[in-house]
Amino acid sequence: MSHAKRLTRRFFRRDPETLARALLGQVLVRRLPNGKLLSGRIVEVEAYLGIEDKAAHTYGGRRTERNASMWFDGGHAYIYFTYGMHYCMNVVSARAEVPTACLIRALEPLEGLDEMRRRRARTRLPARLKDSDLCSGPAKLTQALGIDRQLDGVDLVTSDELFLVRGRKVLGANLTVAPRVGISYAKEWAWKPLRFFLRGNPHVSR
DNA sequence: ATGACGATTTACT
DNA sequence: GTAAATCGTCATA
């Protein structure tokens with residue numbers, strides 16, 4: 001898996017909705033400082049459309065220290081801290097100065113399941129965790145893969161710590177579209193169909 | 001300097 | 001279904 005073909009800049013420089021659909025089925029790879037490889041196949045993503053999107057951190061053109069990397073070129077990582085305890089990871093879309101991104105909401109774990117179990121074991125016993133408890137949510141997967149603010153702004157096209165490789169093709173018939181999660185404050189933007197996931201996949205968030 | 005609030009997860013009734 | 005956990009960030013002053 002770590003030898004598979006990496007996704008190029010060209011792949012990421014698309015509008016967030018198109019990129020979100022294209023990200024389904026691709027593989028996110030994390031190389032830990034000790035060299036261990038953790039990876040998972042993307043099964044759920046949301047698109048954030050930037051300045052016009054009331055649910056986006058860059059709504060209205062907001063540019064702060066926290067969301068700075070969302071303004072980077074497509075293919076960078078935007079990782080933020082939320083609820084006083086969780087990290088979430090986005091893949092930045094489009095070009096530099098066009099602050100749009102795709103939130104990675106769930107992965108199907110592929111490599112390093114034991115390490116993921118250990119990292120997810122803060123509350124429960126590792127042995128009691130099902131595979132579908134490891135990466136079935138945006139903050140679960142960052143915890144499982146050891147992704148935090150240190151990786152905010154890294155270039156996924158060139159980094160050896162965090163990157164994406166080409167996965168198996170996804171069948172259109174398995175792709176489901178739905179409203180995004182946890183953004184009821186965004187009013188009319190809350191029910192736009194910008195969440196994409198693989199129908200019936202057990203690793204999709206609940 | 002202050003206060004309100006999360007692009008969530010977990011446990012419990 | 002409801003609620004607690006927990007604190008950096010941002011808008012306001």
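Residue numbering restarts at 1 for every chain, and letters A, B, ... go by the order of the sequence lines.
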Quiz item: Taking atom C1' of C:dC7 as reference, at what distance in whole Å does atom CZ of A:R66 sit?
Solution: 12 Å
Quiz item: Taking it one step at a time, do A:Y48 and A:H57 satisfy ring-ring contact (aromatic ring centres under 6.0 Å, His included)?
Solution: CA-CA 9 Å; A:Y48 285 84; A:H57 290 165; 7.4 Å; no
Exercise. Check every strand shown and say whether A:A55 touches a base, only sugar-phosphate, or nothing at a heavy-atom separation below 4.0 Å.
Key: base
Quiz item: Side chains of A:S69 and A:D152: do they bring a donor and an acceptor to under 3.5 Å?
Solution: yes
Quiz item: Ring of A:Y48 versus six-membered ring of B:dA7: centres under 5.5 Å and planes under 30°?
Solution: yes
Practice problem: Mind checking A:Y83 for me? I need base, sugar-phosphate or nothing, with any heavy atom below 4.0 Å counting as a touch. | Solution: base
Quiz item: CZ of A:R120 versus C1' of B:dA11: gap in Å, rounded?
Solution: 14 Å
Quiz item: To the nearest angstrom, how far is A:Y80 atom OH from C:dT9 atom P?
Solution: 13 Å
Quiz prompt | Nearest-Å distance for atom pair CZ/C1', residues A:R206 and B:dT8 | solution = 9 Å
Exercise. Establish, from distance only, whether the side-chain atoms of A:Q143 and A:R120 form a donor-acceptor pair under 3.5 Å.
Key: yes
Exercise. Assign A:R62 to base, sugar-phosphate, or nothing according to its heavy-atom contacts below 4.0 angstrom with the strands shown.
Key: sugar-phosphate
Quiz prompt | Earlier contact from the 5' end, DNA chain C, for A:R149 and A:H86 | solution = A:H86
Practice problem: Kindly say if A:R105 contacts the phosphate of B:dT8, meaning a side-chain N or O under 4.0 Å from OP1 or OP2. | Solution: yes
Exercise. Report the distance from atom CD1 of A:I79 to atom P of B:dA7, rounded to the nearest whole Å.
Key: 16 Å
Quiz prompt | Value in whole Å for how far the C1' atom of B:dA7 lies from NE2 of A:H57 | solution = 5 Å
Quiz item: Atom CD of A:E44 and atom P of B:dT9: how far apart are they, to the nearest Å?
Solution: 10 Å
Exercise. Using a cut-off of strictly less than 4.0 Å, decide whether A:Y185 has a side-chain nitrogen or oxygen near OP1 or OP2 of B:dA7.
Key: yes
Quiz item: Counting side-chain heavy atoms from C-beta on, which of C:dC7, B:dA7, B:dT8 comes nearest to A:A139?
Solution: B:dT8
Quiz item: If you find the nucleotide of DNA chain B closest to A:I183 and the one closest to A:K140, which residue's nucleotide is nearer the 5' end?
Solution: A:I183
Self-check item: Sugar-phosphate only, base, or nothing, as touched by A:M89 at under 4.0 Å among non-hydrogen atoms
Solution: nothing
Quiz item: Could A:R6 and A:F163 be counted as a cation-pi pair, given that NZ or CZ must be under 6.0 Å from the ring centre and within 45° of the axis?
Solution: yes
Self-check item: Base-pairing assignment for B:dC12 (Watson-Crick or G-U wobble, both under 3.5 Å)
Solution: C:dG1
Quiz prompt | Electrostatic pair A:E161:A:R31 at N-O distance under 4.0 angstrom | solution = no
Quiz item: Expressed in angstrom and rounded to an integer, what is the separation of A:Y87 atom OH from C:dA5 atom C1'?
Solution: 16 Å
